[in-house]
Participant: 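Below is a structure I'd like to ask you about.
All ligand and atom numbering here is 1-based and tracks the order in the structure.
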Amino acid sequence: MKKRLVLLGAPGSGKGTQAEMITRQFGIPVTSPGAILRREKDLGTSLGIETAEIIQHGGLVPDDTIVKLIEDWLRLHGAHGFVFDGFPRTLRQAESLRAILVRHRTPLELAIWLEVSEETVRDRISGRLQCRSCGFVTSVSAGNFAERSICPYCEGPLVRRNDDDSTVLQNRLNEYHAKTEPLARFYEEGGLLHRIDGNRDREAVFGDISRLLGAA
Ligand code: ADP
């Protein structure tokens, strides 16, 4: 079974949801620079504070900062494979990742692109709620979260991400089109790219991913 993969796609394409399902089902460790940086901000570390403004405006954090996070994470947790959610997001990050993995002799096996329409992105992000304590993601339209915004798993507060507002989302989409979309070609040339229709429900998408991993 394949155990070294990156999940790519627009904001709201379902990368975080699928990464969570992959780790729960197959035990492959997952990391997301966005989640790490949000936690750093909540903890008030200098990294969290320095990057918060960029994130709040929908820009991309400098490549060197992100690559260092990933390199540190791989050193500690990378022995049993990895799923990266939201990394790489630029060509420089993809090239750095390739070089790091060559050094570790653990080449990437899959680059999965979750393709979604702009309508899906806007629908999902406008209703997205996230638990501030455990990171669980849901929607205002699921259950009765609109009235009672409490996480069903840990009872933490369910909140809107401050970069989910519609003008910030537009900036994130612009960054995605300009800097992340060119990665499709990079991974296509390496024979690693697989595109999946991410507009469907989470189980249907997960079924396709499981087949690509060689697990179904
Ligand atoms: P989404 O996929 O919904 O945009 P993420 O949690 O992956 O959410 O990212 C949130 C923010 O964190 C991004 O808008 C960006 O500012 C920053 N970020 C996350 N990953 C990267 C990355 N690989 N390179 C640069 N910035 C990143």
Participant: Name all residues meeting the side-chain contact (heavy atoms from CB on, under 4.5 Å) criterion together with Q130; count only those two or more places apart in sequence or in a different chain, and write none if there are none.
Facilitator: R38, V137, R161
Participant: Could you tell me which non-hydrogen atom of A94 sits nearest to which non-hydrogen atom of P88, and how far apart they are?
Facilitator: N-CB, 3.5 Å
Participant: For the pair N171 (side chain) and H57 (backbone), establish whether a donor and an acceptor sit closer than 3.5 Å, ignoring hydrogens and angles.
Facilitator: yes
Participant: Is F87 linked to L60 within one hydrophobic cluster, defined over Ile, Leu, Val, Met, Phe, Trp and Tyr using a side-chain heavy-atom separation of less than 4.5 Å?
Facilitator: no
Participant: Check each protein residue for a heavy atom under 4.0 Å from ligand 1 and list those that pass, ordered by chain and number.
Facilitator: P11, G12, K15, P33, G34, R38, I55, G59, L60, V61, I66, G86, F87, R89, Q93, R128, R161, D163, R172
Participant: For the pair Y153 and F136, name the ring-plane relationship: parallel under 30°, tilted 30 to 60°, perpendicular over 60°.
Facilitator: perpendicular
Participant: With the threshold set at 4.0 Å, does a side-chain nitrogen-carboxylate oxygen contact exist between E20 and R202?
Facilitator: no
